[in-house]
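One is the number of the first residue; the rest follow in order along the sequence. All ligand and atom numbering here is 1-based and tracks the order in the structure. This one's a predicted model, so the numbers in the text were calculated from it and none came from an experiment.
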Amino acid sequence: MNELFNPDIDRRTLLKTAVAGSAVMYAGLAFNPLTGDAAPLVGKESNGSLGERAPRQEGGLKVRGEARYAIEQAIDGMLYGVAVQSTIPAGRVTGIDTSVAEKAPGVVAIYTHLNRLAIQPAIPFIKGGAATENFTPLQDDLVRWNGQHIALVVAESFEQATEAASLVKVSYEQTQAIIDPDDPRANPQPIDDLQAKWGDAKSALASAAVKVEGVYTTPREYNVPMEPHACIAHWSGDNLTVYESSQWVGGARNVIAQWMGVDMANVRVISPFIGGGFGCKVAPHPHVAMACAASKALGRPLKLSLTRPQTFTGYGGRPRTSQRLALGATKQGVLVSVMHQGWNETAIDDTHLEPSTSVTALMYATPNMLARHSIIPVNTVNPGWMRAPGENISTFALETAMDELAYAVGLDPIELRLRNWASQDPKANIPWSTRRLREGYIAGANAFGWANRNPQPRSMREGRELIGWGMAAGTYPIWRTPGEAKIIIHRDGRIEVLSGGTDLGTGTYTILAQTAAEVLDVPTSSVKVSLGDTDLPRAPIAGGSQLANNLTGAVYKAAKVARNELLRLATTDPKSPLHGMDVSNLVFKSGRIKPSQRPGDGIALAGLLRALGKDRLEITTDTFKAGATEADRNAAAHGFSQMQSATSGGVSAHSWGVHFVEVRVDEDFGTVRVKRMVAAFDSGRVYNPKLAESQWIGGMIMGLGQALFEEGQIDRRDGRVVNASLADYVVPVNADVPEIVTIDVGIPDLQASALGGKAVGELGIVGVAAAISNAVYHATGKRIRDLPITMDKLLS
Ligand code: MCN
Ligand code: MOS
């Protein structure tokens with residue numbers, strides 16, 4: 001143990017961020033195996049823009065209230081829609097009396113299944129569990145869940161529509177609903193694709209010297225972004241523009257075009273700013289279909305926003321899950337068997353997957369493995385993605401069970417993890433690309449002071465507070481999808497980067513400016529980035545924590561092509577002052593092209609364009625394989641079929657993380673407070689440490705909420721979400737959030753992505769709940785396997 005934790009590594013070293021790392025060591029990195037673009041930059045003298053702690057490019061706009069969100073677009077003649085939702089969980093609508101509502105002031109139209117809006121069913125991005133729902137609203141009288149859209153009221157003002165919606169009278173014929181996944185009538189369906197199986201896990205477990213087994217559950221959780229869902233649909237002839245808060249305008253365009261039965265070329269989706277999504281804005285939800293169809297029917301622009309309570313059933317969050325997990329080991333703590341069976345709830349007639357086994361099959365070496373996953377249909381809105389779907393809950397079970405095993409064999413939990421180190425991907429049987437998890441254990445433990453932990457539960461206290469220290473690891477895969485990017489250098493010196501990708505608050509604007517600045521050696525602040533519009537170059541989803549890697553790769557390539565083109569023009573055009581020079585004797589320096597050997601200032605990029613009599617230099621490139629067809633390009637921008645998995649390149653590429661937390665538990669009241677959080681992350685090369693840290697910290701805070709607070713309360717009688725508001729659905733506030741330290745232990749991983757980065761956005765949450773639950777056990781001696789860890793569970 002002791003040689004592992006070298007006390008001489010000081011905090012500053014541990015807290016090294018990629019500022020030093022990226023800018024000094026990796027600047028000018030031009031090797032690009034994924035795009036087959038391996039030539040080094042000619043004349044590169046980097047200003048190290050990538051790796052810089054550049055502030056958020058759109059930050060000022062947001063602070064000043066100048067960033068316009070979807071709902072804030074002002075369009076003349078706009079109508080307002082308000083959704084009416086069902087109040088029973090299953091059955092039929094037998095009557096809708098709209099007569100009073102229709103006469104209310106300002107009402108323009110009321111749509112129900114009796115006067116259907118023209119909405120075609122849409123196929124989501126892939127078959128089965130595509131972060132969205134198949135439900136087509138207002139097409140039949142069937143009620144599938146409590147809170148399903150059953151009518152749309154349209155009026156001249158929002159207030160009038162709201163008032164009229166309250167006057168709609170609905171009668172139902174109720175059938176028996178399945179509310180609870182453990183209802184005997186519920187019918188679990190195994191998902192064979194998610195199975196991991198090797199060796200003979202059952203007999204190995206039976207004969208294992210040491211066994212731990214538990215059932216780990218997580219409740220229904222909701223994404224609750226600051227900006228609730230809202231959209232504006234605006235037709236002009238056959239062309240539809242939709243302002244929609246979206247993580248993926250290309251995907252939204254695809255689904256909306258199907259709903260409306262029009263060509264994708266007729267649909268434009270705009271989403272420049274997003275007030276958070278965390279997975280729930282990956283696809284447009286059914287209310288968007290209603291808005292588009294009603295706007296078309298009425299011939300006027302229409303705004304439809306869901307109230308906060310409606311967002312709890314207008315689309316789904318993380319489903320309820322349960323996992324039975326058994327670990328068998330030798331007395332020395334070496335795993336001999338892992339058996340894992342999990343399920344998640346899904347809609348009664350739809351599929352959502354929250355794969356409980358995704359991390360089990362990846363994290364540790366074991367000769368015998370059997371991991372399986374099922375879905376259980378119940379009367380709920382189809383659940384959706386919520387930060388690290390799968391990895392999140394999988395890790396909660398596995399990393400809590402590992403803590404239990406550590407106690408069962410009397411080992412430090414880090415030592416236990418090292419004894420079971422997977423030297424390659426145990427499922428795919430291929431090497432890791434990079435796996436700086438050992439470095440993470442060491443750096444995290446040192447920064448936390450883990451060596452001072454007395455492993456005995458209830459052994460550390462301060463007054464009436466029990467102190468608990470816990471740790472857990474986490475991981476998130478690398479997804480890749482090709483895409484396009486455009487760069488424009490103007491004669492007045494402006495540099496623009498354009499992409500249809502989105503920025504959820506993550507930093508896409510900023511890192512793309514940094515990428516172009518890196519290649520052209522201009523200040524990051526001089527690059528203007530435009531995002532979130534299907535009129536811009538095609539881009540993949542901001543989901544699966546892949547957009548940063550995908551788009552920096554595309555922009556890097558575009559900037560490099562622009563750079564080479566500038567060099568070519570500078571040396572070959574007789575109007576250029578650098579005409580006749582050898583390209584290899586020129587450098588890009590502070591916005592100018594200069595001779596490297598001779599004194600002299602060279603020429604500014606804009607000056608060169610003026611000298612050549614050019615208005616602008618415009619370059620569009622992409623990261624598609626040579627020969628990619630238009631269909632491939634569309635598929636990447638509008639669906640998942642071009643998305644490549646973590647194991648697609650012959651190596652297994654993942655981000656890694658380790659969490660250390662201290663909790664304080666009030667012995668009398670059972671209240672848990674998180675006192676400190678330290679985490680070490682391997683996200684490969686970090687493009688902007690300020691933003692990556694903010695992402696990691698945000699994920700950790702969300703994990704804190706999952707561990708201690710978040711729980712959708714479902715009324716067992718009628719499937720109603722009882723706490724469908726931000727007052728009752730509890731998320732962490734500042735007073736709940738302790739000191740948080742994040743440590744970057746990554747190195748560039750050129751097998752993971754073009755520029756060496758790995759996933760950031762979802763990584764931070766993975767493992768937090770287990771670390772907190774392990775800390776609570778250390779504090780109290782009570783093992784809580786059901787989230788959230790509330791005082792009733794600790795006192796009972
Ligand atoms: N980054 C970096 N170095 C890398 C990779 C990323 O510095 N090697 C930083 C960049 O600032 C980048 C950000 O991290 O903008 C996130 O990058 P990435 O991990 O690629 O994630 P995406 O851009 O695909 O964003 C989606 C991701 C997901 S899937 C969820 S869920 C989530 C998350 O981002 N939702 C968020 N973080 C969120 N943050 C905010 N504020 N709001 C959400 O809804
Ligand atoms: Mo993130 S849950 O993949 O949008």
Would you mind checking which non-hydrogen protein atom is closest to [atom], with the distance to 0.1 Å?
{"atom": "atom 32 (C) of ligand 1", "result": "Arg387 NE, 4.1 Å"}
{"atom": "atom 28 (C) of ligand 1", "result": "Glu762 CG, 3.7 Å"}
{"atom": "atom 1 (N) of ligand 1", "result": "Val760 CG2, 3.8 Å"}

| task | Verify whether the ring centers belonging to Trp248 and Phe125 lie closer than 6.0 Å. | result | yes
| Are Tyr315 and His229 close enough that their ring centres sit under 6.0 Å apart? | yes
Backbone N/O of [Y] and side chain of [X]: donor-acceptor pair under 3.5 Å:
{"X": "Gln695", "Y": "Ala692", "value": "no"}
{"X": "Gln73", "Y": "Ala70", "value": "no"}
{"X": "Asp682", "Y": "Arg436", "value": "yes"}

Under 3.5 Å: N/O of [X] near N/O of ligand 1:
{"X": "Ala759", "value": "no"}
{"X": "Leu547", "value": "yes"}
{"X": "Ala548", "value": "yes"}
{"X": "Leu504", "value": "yes"}
{"X": "Gly279", "value": "no"}
{"X": "Pro689", "value": "no"}
{"X": "Gln247", "value": "no"}
{"X": "Gly277", "value": "yes"}

Heavy atom under 4.0 Å from ligand 1: found in [X]'s side chain, backbone, both, or neither?
{"X": "Lys281", "answer": "neither"}
{"X": "Lys758", "answer": "backbone"}
{"X": "Arg685", "answer": "backbone"}

| said: Assess, by modelled atom type and distance only, whether the side chains of Glu354 and Asn392 contain a donor and an acceptor separated by less than 3.5 Å. | reply: no
Pairs under 3.5 Å, N/O atoms on ligand 2 and on the protein: can you put them in a table with the distances?
residue	atom	partner	partner atom	Å
ligand 2	3 (O)	Gly544	N	2.6
ligand 2	3 (O)	Glu762	OE1	3.3
ligand 2	3 (O)	Glu762	OE2	2.8
ligand 2	4 (O)	Gln247	NE2	2.9
ligand 2	4 (O)	Gly279	N	3.4

| message | Are Pro477 and Trp479 packed together at the side-chain level, in the sense that at least one heavy-atom pair is separated by less than 4.5 angstrom? | response | yes
| query | What is the distance from atom OG of Ser725 to atom CD of Gln310, rounded to the nearest 0.5 Å? | reply | 13.5 Å
| message | Parallel, tilted or perpendicular: which one describes the rings of His659 and Phe681, with boundaries at 30° and 60°? | response | perpendicular
| request: Please work out which of the three classes, parallel, tilted or perpendicular, describes the rings of Tyr222 and Phe312, given edges at 30° and 60°. | output: tilted
